[in-house]
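I have placed the structure first, in the form of structure tokens, so that the comments after it can refer back to it.
Given the structure is predicted, the values throughout are model-derived calculations rather than measurements. A note on names: the letters A, B, ... follow the listed sequences, proteins ahead of strands, and every chain is numbered from 1.
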Amino acid sequence: MRSHYCLPLREDQANYELRRKGNPMAVELEESMLVRVQLENFSIDEELHRVRSRSRRIGGIAMFLGTARDRSKGRDVSSMSFDHYEGMAQKKLKEIREQALRDFAIIEALVLHRYGPIEIGENIVLIIVGAEHRADAFKACQWCIDELKKITPIWKMETTPEGEVWVEEHP
Amino acid sequence: MRSHYCLPLREDQANYELRRKGNPMAVELEESMLVRVQLENFSIDEELHRVRSRSRRIGGIAMFLGTARDRSKGRDVSSMSFDHYEGMAQKKLKEIREQALRDFAIIEALVLHRYGPIEIGENIVLIIVGAEHRADAFKACQWCIDELKKITPIWKMETTPEGEVWVEEHP
Amino acid sequence: MKIKLFGMLKTMIPGGKDLEVDFSEGEQVKDLVHTIQREYPQVGELLEKKKVLVSVNQEIAHWDTVLDTADEVALLPPFAGGSGEL
Amino acid sequence: MKIKLFGMLKTMIPGGKDLEVDFSEGEQVKDLVHTIQREYPQVGELLEKKKVLVSVNQEIAHWDTVLDTADEVALLPPFAGGSGEL
């Protein structure tokens, strides 16, 4: 599906190979920043910069930002907290990014999820997909968030008027 | 299509009505910021803030960012510039936002386009759609950018090795 | 009557300014188009090919829309907003 | 053998810590599940209903996966990542 995009990307690939030869650690560090599970909040502008700086061929960027709502299944929610399986969560997000790069005609993808306590209105999850064409970016972005919900070991506890409730979600 | 979303939104609607009664000018100013054609670059974090601050019921935000690519129809592009019909362009973007709010189960939408000279890699166009559910946010976001390309009086000139070329696009 | 020009149309007219076209009260858009075709043949050619739309008061006009001296009229080449990523 | 717990499972175990379960070299995942069901009935009930998955070395395990003393084993309740916006 991606093969016919190799040509226009050749220049970027060449740049990438140069960087990798020059400083393989830097490239790995750069890639590790594209898949994270972290306690801290994040800036969308900063994360976008990571994606768009990887190629000047990017023309369309689709993003999904999930934020903490004040309602859930008819209950008021005053705050929430996420538990995650350190190591396995990162591994699954990495698999999602790599499969998206393989299966869709896209140039770069970033997948980021927070853990720990999160207030209403705050950021929870961010997907950014850069592509030459917007239809591919949208498709891949939607696939990433759907897949994240299916395979990533992350759990949510909501604080409601009835107390703390672990959420079982089947999206 | 939107009617069954009136109930969960009632509280926000009430808040909105209160604000409108208290300071109608402030509300109009706020809304005018959600549809803009401007020379200056923009920060995605700032624009996101405008959208998410309108309701605590937003759980999913879909975004599209269009950036300046270095290639166009097989030609190298070194820079570009957008011309627009001042007044009519804003009017069409406003129509797009209002129709999206009517036709999709979404809570808020922002539509922003730049004009004037733009360097490769820079921001050109931004759509942000906030909804309770992500599928609606994605659908509306994609509709907005498709519609923008169809009905908004904006024109692009690309600087290529062969000189300056006005682009005729049929997306 | 002044006719606003945008995009590639500006570069087709010496000076790149608005068109100035004779106009009689009660004329329709098609009459105006005929005048333009006579006085500015290159622009007329694009109008002929239906590649250029005419707007009146910032809405796309029909061939038989009746014009008023106070109307804001513009010629709109094919739009190309967005980032060109298809 | 230590079994990692996450989410709601932590709150079902006094102290909310990992499980400590007897284990003989060569046992399969289903043997381990039987031991857990015997020693921790509430957790066992969720395993019975297939609401909890077992992971071995950070991959979802099958019923007949053979375990090694060095394996990292965890019980995973239903995932709920994302923002819950469906």
Side-chain angles (χ1 to χ4, degrees), chain A residues 37 64-73 75 77 80-96 111-115 118 120-127 142 144-158 160 163-171, chain D residues 1-21 29 32-33 36 40-63 65 67-86:
Chain A
V37 183
F64 177 75
L65 175 67
T67 58
R69 279 201 294 162
D70 65 353
R71 296 278 293 173
S72 170
K73 294 170 187 166
R75 284 191 305 244
V77 175
M80 57 189 68
S81 184
F82 286 88
D83 190 15
H84 77 294
Y85 185 166
E86 176 70 22
M88 184 175 174
Q90 283 84 348
K91 189 179 174 186
K92 291 296 154 188
L93 296 191
K94 195 161 179 268
E95 285 174 17
I96 291 168
V111 187
L112 183 46
H113 202 295
R114 285 178 71 193
Y115 67 87
I118 287 179
I120 302 304
E122 280 189 7
N123 300 329
I124 297 171
V125 58
L126 178 68
I127 313 273
Q142 251 185 306
C144 284
I145 181 66
D146 290 349
E147 189 71 4
L148 183 150
K149 285 172 168 267
K150 272 185 222 150
I151 71 166
T152 315
I154 295 180
W155 299 273
K156 180 164 65 172
M157 192 193 67
E158 293 175 339
T160 75
E164 298 184 335
V165 184
W166 285 97
V167 177
E168 285 184 40
E169 245 157 14
H170 299 279
Chain D
M1 169 170 267
K2 219 165 82 175
I3 315 276
K4 286 173 182 280
L5 298 180
F6 294 99
M8 67 175 73
L9 290 178
K10 279 185 187 166
T11 56
M12 294 174 66
I13 298 300
K17 291 256 177 87
D18 298 339
L19 298 183
E20 197 55 60
V21 172
V29 164
L32 193 75
V33 166
I36 294 168
Y40 302 90
Q42 312 109 295
V43 177
E45 203 179 312
L46 284 175
L47 280 164
E48 191 75 30
K49 287 195 231 151
K50 295 277 163 66
K51 288 208 150 190
V52 171
L53 297 170
V54 179
S55 71
V56 176
N57 300 328
Q58 306 189 356
E59 289 295 338
I60 305 303
H62 296 282
W63 229 220
T65 301
L67 294 165
D68 184 276
T69 40
D71 285 339
E72 180 180 312
V73 179
L75 299 184
L76 314 179
F79 305 149
S83 55
E85 32 39 53
L86 291 185

Less than 4.5 Å to any heavy atom of chain D: does that hold for the side chain of [X], its backbone, both, or neither?
X	result
I127(A)	neither
I154(A)	both
E95(A)	side chain

Next on the checklist: Taking every non-hydrogen pair under 4.5 Å, which of I118(A), L65(A), I151(A) racks up the most with chain D?
Outcome noted: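 The option with the most such pairs is I151(A).
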Next on the checklist: In the structure I gave you, are the side-chain heavy atoms of D68(D) and D71(D) within less than 4.5 Å of one another anywhere?
Outcome noted: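 With C-beta onward as the side chain, the pair touches.
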Item to check | Pairing of K156(A) and E158(A) as salt bridge, 4.0 angstrom limit | outcome: yes
Checklist entry - Can you name the residues that form a ring-ring contact (aromatic ring centres under 6.0 Å, His included) with Y115(A), not counting sequence neighbours? => result H84(A)
Next on the checklist: Under the rule for side-chain hydrogen bond (donor to acceptor under 3.5 Å, both in side chains), what residues qualify as partners of E72(D), not counting sequence neighbours?
Outcome noted: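 Once residues adjacent in sequence are excluded, the partners of E72(D) under the side-chain hydrogen bond (donor to acceptor under 3.5 Å, both in side chains) criterion are Y85(A), Q58(D).
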